[in-house]
Amino acid sequence: MATWRFCTTSGGVEAVSSCNAVARFIDFSRGRNGGVGSAGGGSGNKAKQLMLMRKWQVRPLRRSFSVRNVSSEPQQKVKDPVAEQEESLGTTSPFPPDASSIASSIKYHAEFTPVFSPEKFDLPKTFFATAQSIRDALIINWNATYDYYERLNVKQAYYLSMEFLQGRALLNAIGNLGLTGAYAEALSKLGHNLENIACQEPDAALGNGGLGRLASCFLDSLATLNYPAWGYGLRYRYGLFKQHITKEGQEEVAEDWLEMSNPWEIVRNDVTYPVKFYGKVVTSSDGKKDWIGGEDIKAVAYDVPIPGYKTKTTINLRLWSTKVPSEEFDLSAFNAGEHTQAAEALYNAEKICYVLYPGDESVEGKILRLKQQYTLCSASLQDIIARFERRSGAKVKWEEFPEKVALQMNDTHPTLCIPELMRTLMDVKGLSWKEAWNITQRTVAYTNHTVLPEALEKWSLELMQKLLPRHVEIIEMIDEELIQTIVSEYGTADSDLLEKKLKQMRILENVELPAAFSDLLVKPKESSVAVPSDELEKSKEEDKKEDDDDDDDGGEEEVEEEEEEEEEEEEEEELKVEPGDGENEPVKEGTQAKKKIPEPVPEPPKMVRMANLCVVGGHAVNGVAAIHSEIVKDEVFNDFFKLWPEKFQNKTNGVTPRRWIRFCNPFLSKIITNWTGTEDWVLNTEKLAELRKFADNEDLQTQWRAAKKSNKLKVVSFLKEKTGYLVSPDAMFDIQVKRIHEYKRQLLNILGIVYRYKMMKEMSASERKEKFVPRVCIFGGKAFATYVQAKRIVKFITDVGATVNHDADIGDLLKVVFVPDYNVSVAELLIPASELSQHISTAGMEASGTSNMKFAMNGCILIGTLDGANVEIREEVGEDNFFLFGAEAHEIAGLRKERAEGKFVPDPRFEEVKEFVRSGVFGPYNYDELIGSLEGNEGFGCADYFLVGKDFPSYIECQEKVDEAYRDQQVKMDKNVNLEHCRFLHVQQ
């Protein structure tokens, strides 16, 4: 059985069940063009290019999980060419390029591949030339990696995601290639500083939050561990949005990351695939289905090389852009002055890749989102299938497809891969339903990222039928197959149970059962009134007489009777007693009060439940943290778990230690390397345990403090530049940076700060200084453009900051700063400088979180709830090294019920804070709706659904403990040097 084994351990390395790596080199002398050139031109034998591989030796683990890409298949064996060629190799590594060679390459690109005018060699131009020189080396390694996979025809993983939040690529690329020093020296020769050049690079606007950052970390680790894998996504021209902070709060403008082009991407104009929308399905004489007509566009491939760390393995992120052929441009209409109409087809195609997550309040927005998802799935699958057919040679064996392809869906956005793969196998390749279904289920797997019901995607069946008619037919057949499985499992004896299971598990929601099952849930109608048999006979006779009379008079009397009935109904309407209009008065004699006829209940919309389709259509379902995976099994997909327990697994999220320690925190990295005596910890995080024996060493503690201070000074300068606020580097840096959402509870954080500020204002200067530790409270994150409540929270934070930061009585004791346009590059500055990080979501609502891992890895203490990966982090770092507060996941439902019953009694301090906000101390903005969401016992937009008020007392009390611990610098150092406990925080998949 071909199994990839991943682990989450207290002492393992990343992504594989192993700990010891033996370096191997693979000869790429048989390149695509008869040989591959050296990256730096330093090696004389260009025919022999080496790729660093690691042979992993399996040993027992504390906790491990198996991701089974195929339920039953033979172990894939790949021949190691090293054994045959090791003796003939005269060297073990190509000579790395020196600074002079790099400088020459940069100057070459500045002159011959320019995107700037030739007059100046300024920072932007130097960045582009530098990136293009690095890309040369990456292309060489990418081609070598690709050829190697082609020759061996290995099984390859494909990671489909709507987001890839990459961040800047320059420092990561040269760091992974081991060329940081050489590039720094080369740029110095050219009169530039590497750090200044790196800052010229805009963040790639291909993602927004943890979903996209996780995807990028996966690709980095897959390359580092030499796994055959590719990522697939969309090339968004304007990203999500660029966030501006004004007096009105958050404002959104389009991202401009592609304004000057992207030096890393390689457009593949020869790799294009047709993508169809709308049209109709016809059946040919042989029963074959054809999807014809409609709207056709083209998906064009843009490749971004992803290098591994200390290996020449370079895998690929393939992004799709959309267009139409030139003949779709209506030249006649254009010349007739109808310019918009002439370019309509082009615009309709291009807008698919304009914006990440376009607003979907309108029908047009929903159509655009569905087009995005199908474009990703269709183009990627066509590409994957073409590669499988090419590698298979003359005779393609489709039953071997799952042995060569593993397709991972990152959340429900790529769900259409399931019906699209089925459609291709049946309609294009001629396979039967049974064959196609077996192949699909063995190929596809699904990662769930949310427990929020509203985030489990559903699409209008009507909309999908219009846009993707053939796919709806296939989804209906999958739904019918699921119904058969449910009926076989639960039988028909208990119709109530069967009805319940069908309602919860079906893919099609609010849709009638297929004809084959239409009589399953039919219940005999029983009369609630017993009618005597003699009266029943009499009634039948009268009915028969009336029927005979009706036959004589034709239909004319029926119309008159209907008109009379309508008049009677109108009269009855006038006699209805309305509430509050004498409804308790006695009814006058001769007058009959009549009940108001209830209005008809509208039929619920017919929907396609994408998450259910993922579970049914794939062979594996994983959550992304231990607690989340249990919630997935016990609550979100409990019925499916009972049916197919073998499908459900846990894969705790992770982050790459290269970007998130080694490159973003060079001060700390240098200390770790010096005290452990090796850089091996970057690949083998077990090595961090070596720090334990030095935890009490004063020299280490002094160096540790100095590194933290250096990082804080960088943030001080950054905040001054971006926000105008000047903060003290001697204050505690308290940071919460993540997507703005009510369940992440930035509102709890800022209300805690308001409470702190209120207490300060009630004290004398000496009392304040004695009671409170100076803090700089830093927020960052984007609120979705149409998420009104989240945008109110952003506005509130900035208003509090504007008041507190200008209060001369408070001074440096408290500062509140909202960092605009938070992204990966900003995170790489803030995280190394952090001392306290807040991960305070309502328990049971955060699937995992990954920023908590990044902060912990950089020697930061966490305050948080038992939610997501916090649970596992706390287990590893120890209870004393985690500030815990709040209700636990199993208590949440009961607390909400208690609130609905009016039994919740708010803490007086919480009530004081709300009144303080309403007093207008933070400006004239009306916060009634924001504060009102925390009040009341039931109803939409109120009743404190996310339990801010419930957790507020324990939160502010926990913050007091943080102050106490911060004052004790020795305790602080003991906590920070416990970084080795975070050795499990690496990519788990």
Side-chain angles (χ1 to χ4, degrees), residues 67-72 157-162 232 370 373-374 376-378 380-382 384-385 398-399 401-403 405-429 431-449 456-459 461 464 468 470-486 488-489 502 504-509 511 514 607-623 632-633 636-637 639-649:
V67 181
R68 300 180 178 182
N69 296 308
V70 177
S71 55
S72 60
Y158 299 98
Y159 196 80
L160 272 67
S161 177
M162 289 296 286
Y232 281 103
L370 193 56
Q373 294 186 6
Y374 180 62
L376 171 64
C377 295
S378 176
S380 301
L381 273 171
Q382 288 181 73
I384 292 166
I385 289 170
W398 288 105
E399 66 273 14
F401 189 78
E403 298 171 20
V405 173
L407 199 155
Q408 188 73 31
M409 300 183 297
N410 192 26
D411 216 352
T412 54
H413 306 127
T415 306
L416 289 169
C417 282
I418 294 169
E420 174 67 1
L421 182 55
M422 290 290 293
R423 184 190 71 83
T424 304
L425 292 175
M426 291 190 301
D427 299 354
V428 181
K429 305 302 176 183
L431 274 66
S432 67
W433 169 270
K434 184 177 180 181
E435 292 170 324
W437 185 231
N438 178 265
I439 290 168
T440 299
Q441 285 189 303
R442 293 168 62 210
T443 301
V444 175
Y446 161 54
T447 297
N448 172 271
H449 282 278
L456 294 172
E457 277 194 310
K458 295 180 183 179
W459 285 104
L461 179 61
M464 191 176 285
L468 303 169
R470 177 57 176 146
H471 297 76
V472 168
E473 289 184 352
I474 293 169
I475 290 170
E476 288 173 341
M477 294 170 72
I478 295 173
D479 186 59
E480 189 167 344
E481 187 131 329
L482 174 62
I483 293 170
Q484 181 62 61
T485 302
I486 295 170
S488 299
E489 178 71 18
L502 290 171
Q504 292 171 340
M505 298 176 71
R506 284 188 63 189
I507 297 164
L508 300 180
E509 185 179 40
V511 176
M607 308 296 286
V608 182
R609 297 192 275 204
M610 307 303 271
N612 289 22
L613 179 55
C614 286
V615 176
V616 175
H619 60 81
V621 179
N622 73 276
V632 165
K633 291 188 291 186
V636 182
F637 298 125
D639 292 303
F640 291 106
F641 174 66
K642 290 176 179 177
L643 189 61
W644 299 305
E646 70 283 354
K647 282 192 179 188
F648 290 81
Q649 318 168 352

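As the structure is a computational prediction, the values presented were derived from the model and not from experiment.
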Task: NE2 on His619 to OH on Tyr446, rounded to 0.5 Å - done: 14.5 Å
Open item on the list: If you apply the rule side chain to side chain contact (heavy atoms under 4.5 Å, CB included), what do you find for Met464 with Leu370, and how did you get there?
Closed with: CA-CA 8 Å; Met464 191 176 285; Leu370 193 56; 4.2 Å; yes
Open item on the list: Can you see whether Thr485 engages Glu489 through a side-chain donor-acceptor pair at a distance of less than 3.5 angstrom?
Closed with: no
- [ ] Using a 4.5 Å cut-off on heavy atoms from C-beta on, say whether the side chain of His449 contacts that of Asn410.
- [x] yes
Open item on the list: Any non-hydrogen side-chain atom of Trp398 less than 4.5 Å from a side-chain atom of Lys429?
Closed with: yes
Task: Note, Trp437 side chain near Met477 side chain (heavy atom, < 4.5 Å) - done: no
Open item on the list: For a side chain to side chain contact (heavy atoms under 4.5 Å, CB included) check, start with the C-alpha distance between Trp433 and Met422, then their side-chain angles and the critical distance, and finish with the verdict.
Closed with: CA-CA 8 Å; Trp433 169 270; Met422 290 290 293; 3.5 Å; yes
Open item on the list: Can you list everything that forms a ring-ring contact (aromatic ring centres under 6.0 Å, His included) with His413? Sequence neighbours excluded, please.
Closed with: Tyr357
TODO: Look at the side chain of Ser378 and the backbone N and O of Tyr374, then say whether any donor-acceptor pair between them is shorter than 3.5 Å.
DONE: no
Open item on the list: Quick check for you: to the nearest 0.5 Å, what is the distance between Ser488 atom OG and Gln484 atom CD?
Closed with: 4.5 Å
- [ ] Say whether, by atom type as modelled, one donor and one acceptor occur between the side chain of Gln441 and the main chain of Val616 under 3.5 angstrom.
- [x] yes
Task: Check: Leu407 and Leu381 side chains under 4.5 Å, non-hydrogen atoms - done: yes
Open item on the list: For Leu613, run the side chain to side chain contact (heavy atoms under 4.5 Å, CB included) check against Ile418, Thr412, Leu416, Asp479 and tell me which one passes.
Closed with: Ile418
Open item on the list: Can you tell me how far apart OG1 (Thr440) and CG (Leu425) are? Round to the nearest 0.5 Å.
Closed with: 5.5 Å
Open item on the list: Are the side chains of Arg506 and Ile483 in contact, using a 4.5 Å heavy-atom criterion?
Closed with: yes
Task: Asp427 backbone acceptor or donor facing Arg470 side chain under 3.5 Å - done: no
Open item on the list: Quiz question: by atom type and distance under 3.5 Å, do the side chains of Gln408 and Thr447 form a donor-acceptor pair?
Closed with: yes
Open item on the list: So Ile478 and Leu482, do their side chains get closer than 4.5 Å, heavy atoms only?
Closed with: no
Open item on the list: Does the plane of the ring in Phe640 sit parallel, tilted or perpendicular to the ring in Phe637? Use 30° and 60° as the thresholds.
Closed with: perpendicular
Open item on the list: Between Leu456 and Arg609, is there a side-chain heavy-atom distance shorter than 4.5 Å?
Closed with: no
Task: Whether Tyr158 and Tyr232 hold their rings parallel, tilted or perpendicular, with breakpoints at 30° and 60° - done: tilted
Task: Flag side-chain contact, heavy atom, 4.5 Å: Met162 against Leu376 - done: yes
Open item on the list: Determine whether a donor-acceptor pair (N or O, by modelled atom type, separation under 3.5 Å) exists between the side chain of Asn622 and the backbone of Gln649.
Closed with: no
